[in-house]
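All remarks here apply to the structure that follows.
Hydrogens, waters and symmetry mates are skipped; everything else that's a heavy atom, side chains included, is used. In each ligand, atom 1 is the first atom listed, and ligand 1 is the first ligand listed.
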Amino acid sequence: MAFPDGLADFRSDTVTRPTPEMRRAMAEAEVGDDVYGDDPTVNRLEEEAAEVVGKEAAVFVPTGTMANQLAVMVHTRPGDEVLCDEGAHVRNFERGAASALSGVGFRTVHAPAGRIEPHQIEVVMRAAGRFFPRVSLLVWENTHNMSGGRVVPPEVMDAGNAEARRHGLRIHLDGARLFNAAVALQVEPERLTEGVDTVGFCFSKGLGAPIGSVLCGDADTMAEVRYLRRMLGGGMRQVGVVAAAARVALRERKRLEEDHALARYLAERIADHAPEAVDPRTVETNMVNVVVDHLPRPFREVLSSVEAAGIKVNPPLGGGVWRLVTHRDVDRSDVDRLVAAIFER
Ligand SMILES: Cc1ncc(COP(=O)(O)O)c(C=O)c1O
């Protein structure tokens, strides 16, 4: 479905708008004061979310950033380090929150597609001797945003989790796009979450809800998370109006397959013209990373043609990688228009 006025938006899956069914559910939602635990719609959503990922409890939060930051806060002490890959969202895109709010640093490893290997954990932990900060938490990201929505296969997580446990680490999964990963890997979400202590996921990305994420884990940890959420200003009141849309979103998660097929179509069309710019085989979910230096025109010109066609895109990140994202509010005709604009045919 195209945006109004023939516009299209490939910046992110966060630009998706609530569906008519979500809007209806929002209008009809039963609500109460969620800080008192009185919002039946939030309570139902939290139960459903916990069940989907095989955890005891869940806490509804406004954003994926808050889910990650609560996980960091609950699993660490000030002065600790968090082990993650160097491209991780929690380290790069959350405005330094982990340092500012939890007083932790990061110990990063170079792990393409977020696939951290056991020996990388081993090396970090071996180095953490007498003088270094204590490394207390391992964070996975699945799908992995910076690498263009790549998936971390369950066996890779299993091996890393086993190594992390050997060193007494807690484990958090940033599953902002967990269901994209599960759909692409053809596994139940639980298969990706069974070895972690906490997992966060977002309703507001490809699932299409307007607002909201959730953090899931065991009941004691989630009780503490609820305490910390209030500390961060995330205690919301009649938020069932939002949770109602998230419940619809959660039911529709299989639809993400369509976004993945569209991303592959986009990658293939770009590769038809510029085979060096993108490798369609690396497109596993709903993102396409394009190497701008391999496009036949200077990127400035590409961008002005794309914008002139009424299509919104983000500028490339460092390293000249341009991320394009598919979602429920773009379709094949939008992709065709985008490709035509990139190559100005
Ligand atoms: C992997 C990942 N984690 C966390 C977030 C944060 O989500 P939010 O924008 O809801 O704070 C994002 C947002 O794009 C993300 O891609």
Side-chain angles (χ1 to χ4, degrees), residues 9-18 45 49 53 58-73 82 84-98 100-102 106 108 111-116 137-152 157 171-182 184 189 192-193 196 198-216 229 232-234 236 239 242-243 245-246 249-250 256 259 263 284-289 313-315 317 321 323-327:
D9 196 334
F10 288 87
R11 287 174 300 174
S12 176
D13 46 11
T14 58
V15 302
T16 44
R17 294 155 187 208
L45 173 69
V53 295
V59 175
F60 188 48
V61 291
T63 62
T65 298
M66 193 183 281
N68 277 344
Q69 293 307 322
L70 284 167
V72 170
M73 200 173 269
V82 174
C84 62
D85 86 275
E86 62 195 16
H89 195 282
V90 67
R91 178 205 177 211
N92 294 289
F93 300 104
E94 301 187 5
R95 304 288 204 215
L101 304 176
S102 296
F106 286 96
T108 59
R115 297 174 190 180
I116 301 170
L137 175 66
L138 169 68
V139 177
W140 296 102
E141 186 175 309
N142 204 2
T143 64
H144 189 261
N145 187 343
M146 269 283 266
S147 63
R150 302 292 304 273
V151 295
V152 184
M157 294 188 70
I171 306 172
H172 171 63
L173 167 58
D174 175 356
R177 296 182 180 80
L178 176 70
F179 302 114
N180 294 85
L192 302 172
T193 60
V196 305
T198 52
V199 50
F201 64 83
C202 300
F203 303 105
S204 56
K205 300 196 160 68
L207 295 184
I211 304 171
S213 295
V214 76
L215 183 63
C216 310
R229 179 186 67 172
L232 296 185
M236 300 179 284
V239 73
V242 173
L250 194 56
L256 293 169
D259 301 349
E284 295 173 326
T285 60
N286 67 331
M287 296 179 182
V288 179
N289 271 356
V313 291
N314 272 327
L317 272 177
V321 175
R323 190 192 73 164
L324 300 167
V325 185
T326 58
H327 50 77

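An N or O contact shorter than 3.5 Å is missing between Ser213 and ligand 1 by distance. In terms of polar-atom proximity, Gly64 is counted as a contact of ligand 1, with an N or O under 3.5 Å from an N or O of the ligand. Looking at Thr65 next to ligand 1, an N or O pair under 3.5 Å apart turns up. Looking at ligand 1, you won't find any N or O of Glu141 less than 3.5 Å from one of its N or O atoms. The shortest N or O to N or O distance between Thr14 and ligand 1 is not below 3.5 Å.
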In sequence, state the C-alpha distance, the side-chain angles, and the governing distance for Arg177 and Met287, and then conclude on side chain to side chain contact (heavy atoms under 4.5 Å, CB included).
CA-CA 11 Å; Arg177 296 182 180 80; Met287 296 179 182; 3.5 Å; yes
Tell me, with the steps shown, if Leu232 and Met73 meet side chain to side chain contact (heavy atoms under 4.5 Å, CB included).
CA-CA 11 Å; Leu232 296 185; Met73 200 173 269; 3.9 Å; yes
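Residue His89 holds the heavy atom nearest to atom 5 (C) of ligand 1 of all those in His144, Gln69, His89, Met146.
Annotation for ligand 1: atoms under 4.0 Å from non-hydrogen atoms of Arg177 are 14 (O), 15 (C), 16 (O). Set against the non-hydrogen atoms of Lys205, the atoms of ligand 1 under 4.0 Å away are 5 (C), 6 (C), 7 (O), 8 (P), 9 (O), 10 (O), 12 (C), 13 (C), 14 (O). Distances below 4.0 Å separate heavy atoms of Thr63 from the following atoms of ligand 1: 10 (O), 11 (O). Atoms of ligand 1 found under 4.0 Å from any heavy atom of Asp174, numbered from 1 in the order shown, are 1 (C), 2 (C), 3 (N), 4 (C). Within ligand 1, the atoms closer than 4.0 Å to a non-hydrogen atom of Asn68 are 3 (N), 4 (C), numbered from 1 in the order shown.
Side chain of Thr285 to main chain of Asn180: no donor-acceptor pair is present (N/O by atom type, distance under 3.5 Å, no hydrogens or angles).
In this structure, Phe201 and Phe203 have perpendicular ring planes: the angle between them is above 60°, well past the 30° mark.
Put simply, the residue from Asp9, Thr16, Thr14 that forms a side-chain hydrogen bond (donor to acceptor under 3.5 Å, both in side chains) with Ser12 is Thr14.
When side chains are defined from C-beta on, Leu70 counts as touching Val61, because their heavy atoms get closer than 4.5 Å. Inter-residue side-chain proximity for Phe60 and Val242 is flagged as met; some heavy-atom pair is nearer than 4.5 Å.
For His172 and Asn68, the side-chain atoms include at least one donor-acceptor pair closer than 3.5 Å.
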